[in-house]
Amino acid sequence: MIVANWKCNGSKIMIQDWISKFKETYVTSNNSYIGIAPSYIHIEHLSNNLKANSLDITYGVQNIDLSSGARTSAISLEMVQDMSCNFSIIGHSEMRIIFGETNENISEKLDLIAKSLDVILCIGESAEENINNQTREILKQQLEVINGRDLSQSFTIAYEPVWAIGTGKTPTPNQINDIHKFIKDVVQSSTVNNIVPKVLYGGSVNENNAQSFFNEDYVDGALIGGASLNGNSFAKIVNIFNGVN
Ligand code: PGA
């Protein structure tokens, strides 16, 4: 599973260019779920262009709001479904840090969307927490939002250390593997149906380092920011994941 998080980037021209570059490089394979989370405003343009180019890429949103009505600037579940989005990212560290999203907000969002959309829940420790060896403790706190839930098989976690996002730094593949194993164990023991979720790694993934992460047993894919903005780079990473590079 390889998902592009375009964050607050993109334009109609960029989407056209992205699709032609993706097609140049992508080797067709049925191996993986490929997703893009564009800005809300570009969803329709992206979906029309994916369809026109017969690309089997799914799309979703980077966040979702709790309800509809008098909530200026918000986007509701009904709107997201109306645009045929398949998934929502929630709890991205930029939402937590810039927009003050809390575990409580994330838990309310899970109540709302967990049964209706594929969910990609982002968790990750800060640089300071990492240095202080608090990574597991912090991840466990962030995972409290899934306690006692009956989650679907499409529920996915993205492990994204905050210090690795957009910095060019990453944990070692081995460290990532150990953390992913830990996350799977925590989710399995905290959910009522004991699901073992897919766990994606996110944070400075690019075409040069992707293979080293995908070699690890507990890495089920990647959530990619910067390197996903170029259709060639993103396609290269998908090809690496599919073993067709
Ligand atoms: P990055 O971002 O790939 O640019 O580090 C990843 C993310 O924030 O999801």
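In listed order, ligands and their atoms are each counted from 1. Just so it is clear, the structure is predicted and the values come from calculations on it, not from any experiment.
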### Query
Under the 3.5 angstrom rule, does the side chain of N232 hit a backbone N or O of E24 as a donor-acceptor pair?
no

### Task
Considering only NZ, NE, NH1 and NH2 on the basic side and carboxylate oxygens on the acidic side, decide whether D217 and K184 come within less than 4.0 Å.
no

### Message
Please determine whether the number of non-hydrogen atoms from other residues, nucleotides or ligands lying under 6.0 Å from atom CD1 of I98 exceeds 12.
### Response
yes

### Task
Using a 4.0 Å heavy-atom threshold (strictly under), name the region of N5 that reaches ligand 1: side chain, backbone, both or neither.
side chain

### Task
Mind telling me whether H180 and Y201 have parallel, tilted or perpendicular rings, with 30° and 60° as the class edges?
tilted

### Message
Counting non-hydrogen protein atoms only, what is the nearest one to atom 9 (O) of ligand 1? Give residue, atom name and distance.
### Response
E160 OE2, 2.7 Å

### Task
Using the six-membered ring wherever Trp is involved, compare the ring planes of F234 and F22 and label them parallel, tilted or perpendicular (cut-offs 30° and 60°).
tilted

#### Entry: Atom OH of Y218: over 12 foreign heavy atoms under 6.0 Å
no

### Message
Please list, in number order, the atoms of ligand 1 under 4.0 Å from a heavy atom of K7.
### Response
2 (O), 7 (C), 8 (O)

### Query
Contact between S204 and ligand 1, counting heavy atoms under 4.0 Å?
yes

### Task
List every atom of ligand 1 that sits less than 4.0 Å from any heavy atom of G226, numbering the atoms from 1 in the order shown and giving each element.
1 (P), 3 (O), 4 (O)

### Message
Below 3.5 Å, N or O to N or O, backbone or side chain included: is there any such pair between I165 and ligand 1?
### Response
no

### Sub-4.0 Å heavy-atom approach of A227 to ligand 1
no

## Note on the structure
Nearest non-hydrogen protein atom to atom 3 (O) of ligand 1, with distance, is G225 N, 2.8 Å

### Query
Between the side chains of W163 and E125, is a donor N or O closer than 3.5 angstrom to an acceptor N or O?
yes

### Query
So is L223 polar-close to ligand 1, meaning N/O to N/O under 3.5 Å?
no

### Message
Using a 4.0 Å cut-off to any heavy atom of G203, which atoms of ligand 1 qualify?
### Response
5 (O)

